Participant: 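Pasting a structure here, questions to come.
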Protein chains: 2
Amino acid sequence: MSDEGQLSLRKADSRRRSATRAVTMADVAQAAGVSTQTVSRALRDPRSVGPDTLARIEEAVRETRYVQNFAASHLASNRSMTVAAIIPTISASIFAETIQGLTDVLLPEGYQVFLGHTDYMAGREESLVRSFSGRRPDGFFIIGTRHTQETTALLKRTGVPVVESWSWTNRPVDMLVGFSNHAALMSVVDHLVGRGYRRLAFTGVMKPGDHRAKERLKGFQDAHERHFPGVTPRVVTVTSGPMVMATGVELLKLVREQHPDTDAVVFVSDVLASGALLACAGMGISVPKDLAITGFGNYDIAGQLTPGLTTIAIASRRIGTESANLLLRRMQGGDVENRTQDVGFELLVRGSA
Amino acid sequence: MSDEGQLSLRKADSRRRSATRAVTMADVAQAAGVSTQTVSRALRDPRSVGPDTLARIEEAVRETRYVQNFAASHLASNRSMTVAAIIPTISASIFAETIQGLTDVLLPEGYQVFLGHTDYMAGREESLVRSFSGRRPDGFFIIGTRHTQETTALLKRTGVPVVESWSWTNRPVDMLVGFSNHAALMSVVDHLVGRGYRRLAFTGVMKPGDHRAKERLKGFQDAHERHFPGVTPRVVTVTSGPMVMATGVELLKLVREQHPDTDAVVFVSDVLASGALLACAGMGISVPKDLAITGFGNYDIAGQLTPGLTTIAIASRRIGTESANLLLRRMQGGDVENRTQDVGFELLVRGSA
DNA sequence: ATCGCTCACGTGACCGCTAACATGAAAAGC
DNA sequence: GCTTTTCATGTTAGCGGTCACGTGAGCGAT
């Protein structure tokens, strides 16, 4: 009997997975003289246990240096307290504001944010959603509204709330916090035409997976057709290349080569437009007299240039916070009345156009 | 007997936690006619099972639409396959490049990256580390080398590899991928003095938790003392305010108010320096004749301005990839010979100084 | 023929926590 | 005074995987 006891003890010991066993809830429970369930309750909702019990547990947590294990919690409760976010790119991008807004709201509520980026590569999104699903996030945040069929199916199958953003669609997967890139570009064209510009060109880096850029181009083309029926719009794009100011300079040169009569250049992004605008001085181009220039995004630099860059301002951070709020309500069991939210855009008219 | 059987069945059913039970590994195992352990092996290392078994399992995964549950995996294996990253801020920052580099390396290896930001608030880091610890990350990536004692203790107690970055110290918590902000600023001062500038001023936004900014200031002061012993260096800083170009303009004005004789302004960041440089034209200041301007970070804009902005280039993305590589090696059980890695910096001399 | 070894796969015991239900005591209702 | 309700806490049975070990077949060496 005692031999067997020893044997099983040794056996249990040898099966231990980590050498220095971590502090568990059971240790805290023992120290506080309560059951693990009471500790669990105390940690999840302090008001659900008696005040003196709570004090003893808190003391026990402190003295044992207990750190809750979320994996076990997740497994037992089926709630991961995480949100998966999928964005095109983090670097030097306006999406960073959105993510900051998202985490600013979610973190205080106990939710962690997982970040994945597609680098505008079609197909990456699907594989990201697939691998993220294994972590069983309680919600998804995605930039963009165009996905592969399989991606949409995967998202729906998870059964958790999904927010798409930075674009617009009438048939969102679930919820939507965005605006119409198409309408934004139309307002740019309207403005240019109103100011007397007649030979408009659109230019930008158009990565295959960048649907927002495509929507902007479409908006440009449609507005152009409305103002100048039958006239082929000037469009100069490249499908690859870094989103940096130097690329904007290159594009400006391309536009002037291919369409020398152009009197207004509509850039798909402020980054490119700023590069071009800065280069104009050196190229002997007077803005906005010889050439009007517009951007998109209202980056910090847009208002600092001389002349200022006319552009479209987007409430980037707000897209993040609003999305987080929608997700939160749904994740906490509530319902959401308006599943789509239009944050709009604002045409900021400055000196460049 | 049969009654009891029914009872226990009913009971088990009523205790089911989710209404529509998700597909589990057991379902896949059954469909493929193997044990769950074999499915587990097939998923973790396909070569560890027979080829025909593997094929059956893969087919079963497809037809059941099985998605692995990482929480269960984490709990059982004690590996979360996640890395926690703590950065000052994501927005419009050069750290975004670092995070992009980090995830670019870690994601393909199956590791997810958790992101938290401190907004340069002292104390936030400790609470982030604390709450992140509950997720049991397999590694930590942190920007900065100065932490509260408790933070350091917490990090060490986790027992997982830690990479600190974007700074330098002789006593890292564990590993370090960084450079000396101090030395970088000294090289800036050396350059300015070498070019004949004599009345140098340092300016920037110095948030209380921004130790890198402090190191840069210290580097400026030390170099200044070496070149001009006994002369009090001109330092104009604000402790709050947004890191935007407009703030740079304000700071430039402050410097010229408080130290009208200044002939070179050293900014703590390119963002501020760029704003100032752009504003100089409107203020009738000729750069670099009347005033030299330097920045830090070699942001995209630095090379596009006229004159170009003299600045310090940091291999931001590389800090992320190198850190990821160090973490990976350690997380996969390997050892690392060089626990500290100096990525250095480069003084880029352009027209502004 | 025997032995030892590798290989492919199965068995049982957990990992650390929480849902659901159970229990006992105090407070409230009649 | 007795039942009902409320509140604080305990008990039991998993959540969905993986670890350590076991087993039996196949194979070459002795």
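Computed from heavy atoms alone, side chains included, the values below leave out hydrogens, waters and symmetry copies. A note on names: the letters A, B, ... follow the listed sequences, proteins ahead of strands, and every chain is numbered from 1. Computed from a prediction, not measured in an experiment: that's the story for all the values here.
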Participant: So which pairs with a foot in residues 328-339 of chain B pass salt bridge (charged side-chain N to carboxylate O under 4.0 Å, His left out), sequence neighbours left out?
Facilitator: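 Salt bridge (charged side-chain N to carboxylate O under 4.0 Å, His left out) check on residues 328-339 of chain B returns B:Asp174-B:Arg330, B:Asp174-B:Arg339, B:Arg329-B:Glu337.
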Participant: Specify the residues of residues 31-42 of chain A, ordered by number, for which at least one heavy atom lies under 4.0 angstrom from an atom of DNA chain C.
Facilitator: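 Heavy-atom contacts with DNA chain C come from A:Thr36, A:Gln37, A:Ser40.
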Participant: Hey, are the side chains of A:Leu176 and A:Gln341 touching, using non-hydrogen atoms and a 4.5 Å cut-off?
Facilitator: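 No - every pair of side-chain heavy atoms lies 4.5 Å or more apart.
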Participant: Tell me every residue that passes salt bridge (charged side-chain N to carboxylate O under 4.0 Å, His left out) with B:Asp45, counting only those two or more places apart in sequence or in another chain.
Facilitator: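 Result, salt bridge (charged side-chain N to carboxylate O under 4.0 Å, His left out) vs B:Asp45: B:Arg47.
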Participant: Rounded to the nearest Å, what distance is computed from the CD1 atom of residue A:Ile57 to the C1' atom of nucleotide C:dC17?
Facilitator: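 That distance rounds to 15 Å.
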Participant: Kindly calculate the angle separating the two end axes of the helix from C:dA1-D:dT30 to C:dC30-D:dG1, each obtained from five base pairs, and round it to 10 degrees.
Facilitator: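 Comparing the axis at each end, I get an angle of 30°.
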Participant: The criterion is side-chain contact (heavy atoms from CB on, under 4.5 Å); which residues satisfy it with B:Thr64, sequence neighbours excluded?
Facilitator: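 Counting only residues at least two positions away or on another chain, B:Thr64 forms a side-chain contact (heavy atoms from CB on, under 4.5 Å) with B:Val23, B:Val28, B:Ala31, B:Tyr66.
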Participant: Would you list the pairs meeting salt bridge (charged side-chain N to carboxylate O under 4.0 Å, His left out) in which at least one residue belongs to residues 57-75 of chain B, sequence neighbours left out?
Facilitator: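 Found B:Glu59-B:Arg62.
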Participant: Quick one: do the A:Thr145 and A:Glu164 side chains pair a donor with an acceptor below 3.5 Å?
Facilitator: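 No, no side-chain donor-acceptor contact under 3.5 Å.
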Participant: To the nearest angstrom, how far is A:Leu75 atom CG from C:dC14 atom P?
Facilitator: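 Checked: the CG to P distance equals 17 Å.
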Participant: Would you please name every residue forming a side-chain contact (heavy atoms from CB on, under 4.5 Å) with A:Thr321, sequence neighbours left out?
Facilitator: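 With neighbours one apart ignored, the set is A:Val105, A:Arg317, A:Arg318.
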Participant: Mind calculating the distance between CG (A:Asn69) and P (C:dG16) to the nearest angstrom?
Facilitator: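 Rounding to the nearest Å, CG of A:Asn69 and P of C:dG16 are 7 Å apart.
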Participant: With the threshold set at under 4.0 Å for non-hydrogen atoms, list the residues of residues 44-52 of chain A touching DNA chain D in residue-number order.
Facilitator: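 Residues of residues 44-52 of chain A that come under 4.0 Å of DNA chain D are, in numerical order, A:Val49, A:Gly50.
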Participant: Mapping A:Ala72 and A:Thr53 onto DNA chain D by nearest heavy atom, which one lands closer to the 5' end?
Facilitator: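 Nearest-nucleotide comparison on DNA chain D picks A:Thr53.
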Participant: What salt bridge (charged side-chain N to carboxylate O under 4.0 Å, His left out) pairs are there with at least one residue in residues 111-133 of chain B, not counting sequence neighbours?
Facilitator: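 Those involving residues 111-133 of chain B are B:Glu126-B:Arg130, B:Arg130-B:Glu150.
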Participant: Between atom CD in B:Gln68 and atom C1' in D:dG16, what is the gap in whole Å?
Facilitator: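 The distance from CD of B:Gln68 to C1' of D:dG16 comes to 10 Å, rounded to the nearest Å.
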Participant: A:Phe70 CZ to D:dC15 C1': how many Å, rounded?
Facilitator: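 It is 17 Å, rounded to the nearest whole Å.
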Participant: Sequence neighbours excluded, which residues qualify as side-chain contact (heavy atoms from CB on, under 4.5 Å) partners of B:Ser40?
Facilitator: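 B:Ser40 satisfies side-chain contact (heavy atoms from CB on, under 4.5 Å) with B:Met25, B:Gln37, B:Arg44 only.
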Participant: B:Asn78 CG to C:dA13 C1': how many Å, rounded?
Facilitator: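 The distance from CG of B:Asn78 to C1' of C:dA13 comes to 16 Å, rounded to the nearest Å.
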Participant: Applying ring-ring contact (aromatic ring centres under 6.0 Å, His included) as the test, list every pair that has at least one member in residues 101-120 of chain B; sequence neighbours left out.
Facilitator: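 Applying ring-ring contact (aromatic ring centres under 6.0 Å, His included) to every pair that reaches into residues 101-120 of chain B, excluding sequence neighbours, yields A:Phe114-B:Phe114.
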Participant: Between C1' on C:dC15 and CZ on B:Arg135, what's the gap in Å once rounded to a whole number?
Facilitator: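 It is 18 Å, rounded to the nearest whole Å.
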Participant: Report the residues that fulfil side-chain contact (heavy atoms from CB on, under 4.5 Å) with A:Ala26, sequence neighbours left out, ordered by chain and then residue number.
Facilitator: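 With neighbours one apart ignored, the set is A:Thr24, A:Thr36.
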Participant: Starting at atom NE2 of B:His74, determine the distance to atom C1' of C:dC14, rounded to an integer number of angstrom.
Facilitator: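 Going from NE2 in B:His74 over to C1' in C:dC14 covers 15 Å.
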